[in-house]
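Everything on this sheet refers to the single structure shown next.
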Amino acid sequence: MEILENYPLKDITTMHLDVRCKYFAEYATEEELIELLLSPQYGLNRSMHIGGGSNLVFTRDYDGMLLHSRIRYISKIAASTQTVRLEVGAGVAWDDFVKHCIEHGYYGAENLSGIPGEVGASAVQNIGSYGAEVCDIISRVNCIDTVTMEACHFMHDECQYAYRDSIFKHQHSQRYIVTSVEYTLSLKPQFTLTYGPLKALAEKPALSMSDVRETILSVRNSKLPDPREIGSVGSFFKNPVISTQQFGKLVATYPAIPHYPIDDNMVKVPAGWLIENAGLKGHSIGGAYVYEKQCLVIANNGNATPDDVVSLCKHITQTVNDKFGIELHPEANII
Ligand SMILES: Cc1cc2nc3c(=O)[nH]c(=O)nc-3n(C[C@H](O)[C@H](O)[C@H](O)COP(=O)(O)OP(=O)(O)OC[C@H]3O[C@@H](n4cnc5c(N)ncnc54)[C@H](O)[C@@H]3O)c2cc1C
């Protein structure tokens, strides 16, 4: 276990910006993590935890310590005739866990196929896609409290899960380091096929989780950049939720605007549609550009600087606000 100095973040973040952190350290056990938390480099500097770096945009060098988990295991800890409970180390790649579930016949994670990042962050971010959210299968989140240096846990109901949100992003931001996550999966076939491209699968005889996964991966590959080739953090902005009153005015001018009612008072509008219809498809500043196949994505052509990304983010927010009167908020963690 080594504490590395002036460590480059270009290859450990999917935005691939040329930035560095003052200290970087990985640990493979809870004991090693506690040792790091007791180090002067941790005690005397600000710090944060990093997973696969797929939702982080560092706008400058990070003048502190980054910690990364290499706690990697998948254990079956309970089972009944209906369900199985798995405990998974925070450092397991999220999609490896999804593949494991599919291979073993555990239902519930397949709609989240292909999301970059690691298991620890899945519980922080409440990742979601294709009509599913990870909070639907999370039972318990095991952590180390960086204040008491002791192990603790949060049951599902204590995590305050909401759209891409959890308690770990707010009052507990960076206090609790997730060491493992417990998921409850179904042993009985059950599919969520409400999202557009999956609807057609409902008619398929002997539908399998692999069918769902393949459909999702093929849609994802057709519209999202592969982080190994093109830098991005996926969706840069959250889809805004506006009042039905504001939506009523908007739809009168733009009848084609897609929308998803949240309840009687609120409507969700796709940020990608707003960006595209504000005329920003392909728009670039320096090496940062609006990804043509999905305008919700800010991509790096290989030469983007942090300033390019920040300027483009501001330009998009301003232009969309001027045209539609809607304020976009980043989904990505801007640091
Ligand atoms: C091409 C692409 C497609 C994407 N598609 C989706 C999608 O469909 N749905 C979706 O929800 N997201 C999507 N994302 C966003 C991203 O993959 C998720 O937010 C993911 O959960 C981030 O995981 P990570 O391990 O990379 O975390 P990081 O980006 O490294 O960190 C994210 C946050 O989690 C915290 N964190 C990380 N590990 C721990 C830990 N062990 N303990 C405590 N805190 C921790 C960090 O401090 C940070 O606040 C996409 C990203 C890309 C690049």
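Since the structure is predicted, the reported quantities are computational estimates derived from the model, not experimental observations.
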Original post:
Would you say Gln246's side chain and Gly325's backbone share a donor-acceptor pair under 3.5 angstrom?
Top reply: yes
Original post:
Between CG of Leu185 and CD of Gln82, what distance do you get to the nearest 0.5 Å?
Top reply: 13.5 Å
Original post:
Are Leu37 and Met48 grouped together when hydrophobic residues (ILVMFWY) are joined by side-chain heavy atoms under 4.5 angstrom apart?
Top reply: no
Original post:
Atom CD1 in Ile50, atom CE in Met65: separation rounded to 0.5 Å?
Top reply: 13.0 Å
Original post:
Sub-3.5 Å donor-acceptor pair from the side chain of Arg20 to the main-chain atoms of Asn6, do we have one?
Top reply: yes
Subject >> Backbone N/O of Ala28 and side chain of Glu32: donor-acceptor pair under 3.5 Å >> reply: yes
**OP:** Measure centre to centre between the rings of Phe247 and His259, then say whether the value is under 6.0 Å.
**Re:** yes
**OP:** Would you confirm whether Arg85, through its side chain, and Tyr183, through its main-chain N or O, come within 3.5 Å as a donor-acceptor pair?
**Re:** no
Original post:
Is the number of heavy atoms from other residues, nucleotides or ligands under 6.0 Å of Arg60 CZ greater than 12?
Top reply: no
Subject >> Glu276 and Lys281: CA distance, side-chain angles, deciding distance, salt bridge (charged side-chain N to carboxylate O under 4.0 Å, His left out) verdict >> reply: CA-CA 5 Å; Glu276 182 166 354; Lys281 189 176 190 165; 3.5 Å; yes
**OP:** Return the set of residues passing salt bridge (Lys or Arg N to Asp or Glu O under 4.0 Å) with Lys99 (not counting sequence neighbours), or none when no residue passes.
**Re:** Asp96
Original post:
Does Ile137 offer a backbone N or O that forms a donor-acceptor pair with the side chain of Thr184 under 3.5 Å?
Top reply: no
Original post:
Hey, are Asp308 and Ser311 close enough side-chain-wise for a donor-acceptor pair under 3.5 Å?
Top reply: no
Original post:
Is the side chain of Lys323 donor-acceptor paired with the backbone N or O of Asn277 at a distance under 3.5 Å, no angle test?
Top reply: yes
**OP:** Any chance you could measure Phe58, atom CZ, to Asp18, atom CG, to the nearest 0.5 Å?
**Re:** 13.5 Å
Subject >> Counterpart residues, side-chain contact (heavy atoms from CB on, under 4.5 Å), relative to Pro225 (two or more places apart) >> reply: Ile230, Ser232, Tyr291, Val297
Original post:
Do Ile77 and Ile138 belong together in a cluster built from hydrophobic side chains that touch within less than 4.5 Å?
Top reply: no
Original post:
Should Ile115 and Phe237 be counted in the same cluster of Ile, Leu, Val, Met, Phe, Trp and Tyr side chains packed under 4.5 Å apart?
Top reply: no
Original post:
Hey, are the side chains of Thr83 and Leu187 touching, using non-hydrogen atoms and a 4.5 Å cut-off?
Top reply: no
Subject >> Asp211 and Ser208: side chain donor to acceptor below 3.5 Å >> reply: yes
Original post:
Which is it for Arg46 and Tyr62 under the side-chain contact (heavy atoms from CB on, under 4.5 Å) test, yes or no, and what are the steps along the way?
Top reply: CA-CA 9 Å; Arg46 67 181 181 138; Tyr62 185 73; 3.5 Å; yes
Subject >> Whichever hydrophobic residues join Ile262 through chains of side-chain contacts under 4.5 Å >> reply: Val241, Met266
Original post:
Just checking, is any N or O donor in the side chain of Glu118 or His68 under 3.5 Å from an acceptor N or O on the other one?
Top reply: yes
Original post:
So, Trp94 side chain and Leu112 main chain: donor-acceptor pair closer than 3.5 Å or not?
Top reply: yes
Original post:
Where do Leu224 and Gln294 come nearest, in terms of heavy atoms and distance?
Top reply: CD2-CG, 4.3 Å
Original post:
Should the heavy atoms of other residues, nucleotides or ligands under 6.0 Å from CZ of Arg175 be counted, would the total exceed 12?
Top reply: yes
Original post:
Between Asp165 and Asn126, does a side-chain hydrogen bond (donor to acceptor under 3.5 Å, both in side chains) hold up when you go through it step by step?
Top reply: CA-CA 6 Å; Asp165 207 7; Asn126 189 18; over 6 Å; no
Original post:
Do Cys295 and Leu280 have side-chain heavy atoms sitting under 4.5 Å apart?
Top reply: no
Original post:
How many angstroms lie between atom CD1 of Ile334 and atom SG of Cys313, to the nearest 0.5 angstrom?
Top reply: 5.5 Å
Subject >> Closest non-hydrogen atom pair between His16 and Gly231, with its separation >> reply: CD2-CA, 3.6 Å
**OP:** Kindly work out whether a path of hydrophobic side-chain contacts (I/L/V/M/F/W/Y, heavy atoms less than 4.5 Å apart) joins Val57 to Val124.
**Re:** no
**OP:** Assign the ring pair Phe24 / Tyr7 to parallel, tilted or perpendicular, where the plane angle (0 to 90°) is split at 30° and 60°.
**Re:** parallel
Original post:
Does the side chain of Asn45 come under 3.5 Å of the side chain of Lys22 through a donor N or O and an acceptor N or O?
Top reply: yes
**OP:** State, to 0.1 Å, how close Asn111 and Ala132 come at their nearest heavy-atom pair, and which atoms those are.
**Re:** CB-CB, 3.7 Å
Original post:
Does the pair Leu38 and Met149 meet the rule for a side-chain contact (heavy atoms from CB on, under 4.5 Å), with working shown?
Top reply: CA-CA 9 Å; Leu38 292 170; Met149 307 279 170; 4.2 Å; yes
**OP:** Please name the pair of heavy atoms, one in Glu133 and one in Tyr163, separated by the smallest distance, quoted to 0.1 Å.
**Re:** OE2-CA, 3.7 Å
Original post:
Are Tyr176 and Leu33 joined in one hydrophobic group, where the rule is that I, L, V, M, F, W and Y side chains link up if heavy atoms are under 4.5 Å apart?
Top reply: no
Original post:
Does the Tyr161 side chain pair with the main chain of Ala123, one donor and one acceptor, at a distance under 3.5 Å?
Top reply: yes
Original post:
Which class fits the ring pair His315 and His283: parallel under 30°, tilted 30 to 60°, perpendicular over 60°?
Top reply: parallel
**OP:** Determine, step by step, whether Thr179 and Tyr27 satisfy the side-chain hydrogen bond (donor to acceptor under 3.5 Å, both in side chains) criterion, reporting the C-alpha distance in whole Å, the side-chain angles of both residues, the deciding distance to 0.1 Å, and the verdict.
**Re:** CA-CA 10 Å; Thr179 50; Tyr27 56 89; over 6 Å; no
**OP:** Using modelled atom types only, decide if a donor and an acceptor are shared between the side chain of His156 and the backbone of Cys135 within a distance under 3.5 Å.
**Re:** yes
Original post:
Does Asp95 come within less than 4.0 Å of Arg213, counting only side-chain N to carboxylate O?
Top reply: yes
Subject >> Derivation of the side-chain contact (heavy atoms from CB on, under 4.5 Å) call for Leu198 and Thr192 >> reply: CA-CA 8 Å; Leu198 300 184; Thr192 302; over 6 Å; no
Subject >> Shortest non-hydrogen contact from Val119 toward Ser122 >> reply: O-OG, 2.6 Å
Subject >> Distance-only polar pair, side chains of Thr244 and Asn265, donor-acceptor under 3.5 Å >> reply: no
Subject >> SB check Glu331 Lys238 (cutoff 4.0 Å) >> reply: no
**OP:** Go through the steps for Asn142 and Val178 under the test side-chain contact (heavy atoms from CB on, under 4.5 Å), then give the verdict.
**Re:** CA-CA 6 Å; Asn142 300 314; Val178 178; over 6 Å; no
Subject >> For Val19 against Asp61, the heavy-atom pair lying closest together >> reply: CA-OD1, 3.4 Å
**OP:** Determine whether the aromatic ring centres of Tyr42 and Tyr23 lie less than 6.0 Å apart.
**Re:** no
Original post:
Does a donor on one side chain sit under 3.5 Å from an acceptor on the other, for Glu87 and Tyr73?
Top reply: yes
Subject >> Nearest-0.5 Å distance, CD of residue Glu30 to OG of residue Ser180 >> reply: 7.0 Å
Original post:
Should the pair His100 and Tyr106 be assigned to parallel (<30°), tilted (30 to 60°) or perpendicular (>60°) ring geometry?
Top reply: tilted
**OP:** State whether the side chain of Gln174 and the backbone N or O of His49 hold a donor-acceptor pair below 3.5 Å, judged by distance alone.
**Re:** yes
